[in-house]
Every structure is written in structure tokens, then in C-alpha cells.
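First the structure, in the form of C-alpha cells, and then the observations on it.
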There are 2 protein chains.
Amino acid sequence: MTMADRKQDTLFVNSLAKGLRLLEAFDEEHQSLGLSELAKRTGLDKSATQRFANTLYQTGYLMKDEATRRFRPSHKFAEMAYAYLWSDPVVQLAMPKLIELSGRLGETINMAELSGSDIVYVARIPCQRTTFAATLVGRRVPALNTSGGRAILAMLPEAERRACIENWPLARFTPETTQDRDKIAELVEEAAHLGYSFSRNELILKEIGVAAPIIGADGRPVAAVHCSVSAYHWTREKVEKDIVPFLLDTANSITPSLR
Amino acid sequence: MTMADRKQDTLFVNSLAKGLRLLEAFDEEHQSLGLSELAKRTGLDKSATQRFANTLYQTGYLMKDEATRRFRPSHKFAEMAYAYLWSDPVVQLAMPKLIELSGRLGETINMAELSGSDIVYVARIPCQRTTFAATLVGRRVPALNTSGGRAILAMLPEAERRACIENWPLARFTPETTQDRDKIAELVEEAAHLGYSFSRNELILKEIGVAAPIIGADGRPVAAVHCSVSAYHWTREKVEKDIVPFLLDTANSITPSLR
DNA sequence: ATACATTGTATCGAAATATGATACAATGAA
DNA sequence: TTCATTGTATCATATTTCGATACAATGTAT
């Protein structure tokens with residue numbers, strides 16, 4: 001449905017959608033925004049931006065630095081995450097098992113769910129050496145560039161898999177981030193055979209990632225458990241020996257039933 | 001500003017505010033909601049609820065189970081948390097230090113910020129034995145019922161402190177949750193002297209909590225670092241000896257500068 | 001299987017609400 | 001100081017939302 005169609009749709013409240021656009025204007029590069037920057041980023045005119053920003057401020061979604069007049073996301077953003085995490089049966093099931101895995105391995109454990117062409121981290125148990133961005137829930141990363149995403153992809157039917165690999169966006173995080181779709185196809189193929197996916201230097205240099213898919217009750221992959229270790233201390237062989245068995249075990253034990 | 005005043009305010013977009021009410025309708029007791037339940041909880045009529053829910057669905061904020069027609073929060077909720085956490089200078093500063101502390105103590109570490117009369121957990125590093133709700137970012141708990149909240153309160157000026165203790169809401173999580181405001185005043189007083197706050201059985205039975213405040217550049221408390229341990233393995237004395245020094249050290253090292 | 005209550009979906013005229021142009025104020029840079 | 005930029009306030013207009021109503025689908029009790 002295009003924007004024009006929505007204009008006609010009497011069940012679509014444009015004012016709400018526009019207001020939500022303001023919330024989405026805040027990201028890594030835009031931690032705080034002034035009114036005119038907000039207008040630019042949302043494509044709304046000055047007056048509309050003013051009204052929506054004010055509304056979000058009054059309702060507590062945005063904070064306002066009275067000195068600079070700039071807006072920033074508020075706690076409410078974090079509270080919303082709670083509502084989501086609490087409601088997600090996979091998270092409920094997984095959490096204790098992820099903690100256990102983290103205790104056993106002593107390394108960073110993540111869980112991510114597929115959201116469109118990205119994965120979204122929904123659980124993170126950091127350890128020393130974990131980079132800041134990798135400690136925060138809700139981060140979105142293109143699925144094709146992560147072991148987690150590729151582990152999930154590997155469990156999809158052949159045709160679907162292929163289409164995703166062709167069309168989904170790629171990003172570049174390090175000089176080594178895989179940009180070649182044929183190479184990604186290979187990696188996914190490999191993951192389909194092994195039952196887990198391996199990555200190196202994709203998001204951060206000298207980082208090794210292993211991920212195993214979590215399969216839903218309908219047989220489709222819903223998420224991935226992911227372990228991230230330093231290439232200074234680990235080799236692929238050592239990971240396969242000391243991490244993969246536990247990782248697979250954990251992932252397999254998290255199989256959500258139909259409600 | 002009351003609802004009636006807002007009606008007059010041309011800078012307040014009611015449609016946006018109403019839409020946001022739907023998002024807030026989801027909490028611990030309401031993981032998924034049907035249209036009429038949503039209407040009941042938000043106080044909107046059937047048609048309005050229909051339009052707003054549909055809009056939130058179209059924009060990806062709510063998921064819809066096509067079988068049951070019930071709505072649920074989506075990943076977007078978690079992504080918003082990322083925007084917030086990323087933008088918060090205290091979180092940025094604190095995260096690595098919290099991880100270090102967790103590594104050193106081997107116990108659950110949290111950080112919470114004051115939000116009105118509640119504290120909101122913005123960072124959580126769980127360990128074995130951590131209960132599910134205590135692993136999720138964004139949880140809101142009445143400040144008076146937590147060591148974290150009381151540690152923050154203790155750093156406020158006398159008069160302000162007193163007013164909060166008189167007026168802020170209390171909840172009951174266990175039979176032992178402190179309900180007596182005089183007792184709470186005592187505990188806050190103690191925290192003001194010691195520089196940290198101690199709790200027992202407040203949120204969960206057999207849980208001991210210690211919390212130390214983080215002071216902002218303006219001298220006012222902005223957050224608290226919190227450590228939670230089992231009363232089966234720990235006593236107050238042992239906590240004071242083996243945990244408090246490190247906790248205070250960590251909290252003190254997180255002092256955000258003015259931008 | 002049938003009737004009934006409940007919940008969700010679709011439509012539309014009326015009117016309240018958001019619109020966005022504009023003017024003004026405040027800030028900060030030259 | 002002047003000028004450019006950003007934020008704030010106001011208002012007539014018509015676009016949007018409103019909410020009553022009718023209809024469809026679901027599930028429950030008889």
C-alpha cells in the first residue's frame with residue numbers, strides 16, 4: 001500500500017503515523033534532534049513537526065533539553081521494549097537457557113529474531129570485551145551480514161532462501177564484511193548442512209561469531225542463538241569443539257510450542 | 001495540564017496521543033489484546049480503536065495474529081529501546097563498568113534511572129538464578145520499593161526527599177515488601193549516611209539488594225547501580241564486605257559530565 | 001445443528017481537528 | 001550590530017477524524 005492509497009483509507013490515521021515517524025527519526029547518528037532537523041528527517045513541514053514534537057514531549061516520549069531546545073528519546077522507549085520482551089514467548093523460553101549457556105562458556109551470548117531483512121537482538125548477555133553497541137537490546141543489523149541471520153536463512157526452503165540472498169540489503173561494518181552475494185549463498189549453504197553458521201570479521205574485526213537457529217512449532221526458523229568470541233583467543237576448530245555442541249543444545253532446547 | 005486543557009491546545013495532536021495510548025495498553029498482564037479489550041483499556045470507542053490499531057498494524061508497531069485477531073507488540077518496541085539506550089550518556093559510560101563489576105562479583109548487576117516515582121531498569125547483566133522479569137530492560141518498579149530507588153532518593157535534598165516518601169506510590173511484590181512509609185524514611189536516611197542502600201525480600205523473597213547512586217554533573221542523582229544476591233548464600237555483613245566497596249567504586253566512576 | 005452473543009470489519013455524513021502559511025521571538029554567527 | 005537560522009505562536013480553512021450504524025465472522029450455549 002502506497003502513501004497515496006493510505007490517504008484514501010479511512011482506517012488509517014495519518015496523524016498517528018506521522019507522529020511515529022518522529023520517533024523513528026532517532027538512531028545511532030541522531031541521538032538528539034532539533035525541530036528543524038526533525039522536520040528534515042521526517043519530511044514534515046515546520047508546523048506539523050512542531051505540533052507532533054510537542055505532543056510527544058507532553059506525553060513523555062521525548063525529552064527536551066531546555067537549553068538547546070533539542071529533543072531526545074525518553075525512558076518510555078525502554079519501557080516499550082519491556083512490553084515486547086515480556087510478550088514474546090521465545091524470549092520467555094530462551095532467557096534462562098541463554099544465561100546458563102553464558103555461564104558455561106563465559107562468552108558473549110545473544111539472541112536475535114528476524115524482522116524483515118534484518119535481525120533484531122532481543123537478548124544480550126555481555127561479558128568483558130563486548131563492544132558497547134553489542135550490549136544493547138533492539139539493535140538492527142542486516143541479516144545477510146551476520147551469522148545469526150544466515151543461520152536463520154539456512155532453515156528456509158531453498159527458493160525463499162535464494163530470493164532473500166539476491167534481494168536483501170547488505171551493509172559494511174568492517175573492511176572484511178562480506179559483500180559478495182555468491183559467497184553469502186555459500187555460507188548459508190554450509191550453515192544448512194552443519195546446522196549452525198560461522199562468521200569472522202563481519203561486524204567487528206577480530207570477532208568470530210557462531211549462531212544456531214531456533215525452529216518454531218511450524219517448522220520455520222524464528223530466531224538464532226549467537227555466541228561471539230575474540231579471534232585472538234579462539235580458532236574455528238576450537239569454537240567447533242568447545243562452543244558449538246553447547247550452542248546447538250541450547251538452541252534446540254528452545255522450541256516454542258504453538259500457544 | 002489536564003485533558004480538557006489539551007483539547008484547546010492547538011499544538012497538541014490528540015490523534016497521536018490516543019494512538020500512543022494503544023501502545024501503552026500492553027503490559028505484564030496484557031501481552032496480547034483484541035480490539036474490544038483495547039477499546040476498554042484505552043477508553044476509546046470501538047471505531048477509534050479500530051482505526052488506531054489498524055494504523056499501528058500497518059506501520060509495524062503491532063503484530064496481528066490472523067487466527068485470533070489479537071494484537072501484540074512487535075520488534076519495533078525493542079528497536080526503540082536501542083535508540084534510547086544509545087542516546088543516553090549515562091548508559092554509554094556505565095555499560096563497560098557494569099560488565100566489569102559483574103565479572104568481578106559473579107552476581108546480577110543492574111542499572112536503573114529515576115522516572116517520575118518509578119525506577120526504570122536500563123541495563124541488566126543477569127547471572128544464574130536471575131528471575132525472568134529481572135532480566136528484561138525497561139521494567140518499571142516503584143522507586144520506594146527498591147534499594148535502587150531509595151539510593152537515588154537519599155541523595156536528594158531533605159525536603160524533596162520527604163515529599164517523595166510521603167506521596168509516591170507503593171506496591172507489594174512479596175509479603176515482606178515494605179509498606180510502612182516511616183520505615184522507608186528510615187531506610188532512606190540510612191542510605192544517605194552510608195552512601196548506599198540495602199534491601200531484603202522487597203521484590204522477591206530471599207533476595208538481597210544493594211544499590212549505590214550515580215551523581216550527575218549538577219550534583220543530583222541520575223541513576224543507581226544495583227547488585228542482587230541470594231539470601232541463601234549471602235548475609236548483610238558479607239555483602240558489605242565483599243560487594244559494597246566494588247559497587248561504590250563502580251557507581252562513583254560513572255559520573256556523567258555536562259555535555 | 002441452531003440460535004445467540006460477542007468480536008471484528010466496513011461505510012458514511014457531520015463536525016471537530018489538524019493543517020500550513022505567516023508573523024514574531026529568540027538564539028547564535030559573522 | 002546585522003543577518004541567518006531555529007524555535008514559538010496564531011488563525012482561517014478544509015481535510016481528517018469521528019462515531020453511529022449496519023454487516024460479517026467467530027465462537028459458545030442450548
Side-chain angles (χ1 to χ4, degrees), chain A residues 1-23 25-26 30-59 61-73 258-259, chain B residues 1-23 25-26 30-59 61-73 258-259:
Chain A
M1 184 181 287
T2 72
M3 200 66 191
D5 290 336
R6 275 183 183 156
K7 283 252 162 72
Q8 330 285 39
D9 186 347
T10 58
L11 291 179
F12 191 84
V13 182
N14 259 290
S15 304
L16 174 52
K18 286 184 204 161
L20 296 171
R21 293 236 295 277
L22 296 225
L23 298 182
F26 295 88
H30 305 86
Q31 305 180 6
S32 79
L33 291 166
L35 212 48
S36 41
E37 287 166 290
L38 261 173
K40 225 166 273 162
R41 274 181 67 73
T42 54
L44 299 169
D45 68 39
K46 205 169 137 181
S47 299
T49 310
Q50 181 188 186
R51 260 170 289 135
F52 289 123
N54 180 256
T55 306
L56 292 170
Y57 173 60
Q58 301 273 356
T59 49
Y61 281 82
L62 294 182
M63 312 180 70
K64 191 178 185 174
D65 184 325
E66 286 302 342
T68 64
R69 272 93 212 274
R70 295 173 74 78
F71 293 97
R72 278 208 7 217
L258 284 175
R259 181 148 355 172
Chain B
M1 184 179 287
T2 72
M3 200 66 192
D5 290 336
R6 276 183 182 153
K7 282 251 161 74
Q8 329 286 38
D9 187 346
T10 58
L11 291 179
F12 191 83
V13 182
N14 259 290
S15 305
L16 174 54
K18 286 184 206 161
L20 296 172
R21 294 236 294 277
L22 296 226
L23 297 182
F26 295 88
H30 304 87
Q31 305 179 5
S32 79
L33 291 165
L35 212 50
S36 41
E37 286 167 292
L38 262 173
K40 226 165 274 164
R41 273 181 68 72
T42 55
L44 299 169
D45 67 40
K46 203 169 136 180
S47 299
T49 310
Q50 182 188 185
R51 261 171 288 135
F52 289 122
N54 180 256
T55 306
L56 292 170
Y57 173 59
Q58 301 271 358
T59 49
Y61 281 81
L62 294 181
M63 315 182 68
K64 190 178 186 174
D65 183 324
E66 286 301 343
T68 64
R69 271 95 212 275
R70 294 173 75 79
F71 293 96
R72 278 208 8 216
L258 285 175
R259 189 135 354 160

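Order of the sequence lines fixes the chain letters, A, B, ..., with proteins taken first and strands second; residue numbering starts at 1 for each chain. Every heavy atom of this structure was used, including side-chain atoms; hydrogens, water molecules and symmetry mates were not.
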The side chain of Asp45(A) lies closest to which of these nucleotides: dG20(C), dT9(C), dG19(D)?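 Minimum distance to the Asp45(A) side chain belongs to dG20(C).
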
Is there a side-chain contact between [X] and [Y] in this structure, where contact means two heavy atoms from C-beta onward sitting under 4.5 Å apart?
X        : Y        : answer
Tyr61(B) : Thr55(B) : no
Arg41(B) : His30(B) : yes
Thr42(B) : Lys18(B) : no

Just how far, in rounded Å, is [atom2] of [N] from [atom1] of [X]?
X        : N       : atom1 : atom2 : value
Gln50(B) : dT17(D) : CD    : P     : 14 Å
Phe12(A) : dT11(C) : CZ    : P     : 18 Å
Leu16(A) : dT16(D) : CG    : C1'   : 13 Å
Asn14(A) : dT15(D) : CG    : P     : 14 Å
Leu11(A) : dT9(C)  : CG    : P     : 9 Å
Glu37(A) : dT27(C) : CD    : P     : 18 Å
Arg70(B) : dT6(C)  : CZ    : P     : 16 Å
Lys40(A) : dG7(D)  : NZ    : C1'   : 13 Å

Within less than 4.0 Å of OP1 or OP2 of [N], is there a side-chain N or O belonging to [X]?
X        : N       : result
Lys46(A) : dT8(D)  : no
Ser36(A) : dG7(D)  : yes
Ser15(B) : dA18(C) : yes

Please name the pair of heavy atoms, one in Leu33(A) and one in Ala25(A), separated by the smallest distance, quoted to 0.1 Å.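 Closest pair (atom of Leu33(A), atom of Ala25(A), distance): CD1-O, 3.6 Å.
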
List the atom of Leu38(A), the atom of Thr49(A), and the distance in Å for their closest heavy-atom pair.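 In terms of heavy atoms, the two residues are closest at CB-CG2, 3.6 Å.
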
Pair of N/O donor and acceptor under 3.5 Å linking dG19(D) base with Arg51(B) side chain: yes

I want to confirm an ordering. Mapping Lys64(A) and Ser47(B) to their closest nucleotides on DNA chain D, which one lands closer to the 5' end? Lys64(A)

First of Leu35(B) and Ala48(A) reached from the 5' end of DNA chain C, by closest nucleotide: Leu35(B)

Touch class at under 4.0 angstrom, heavy-atom based, for Phe71(A) against every strand present: nothing

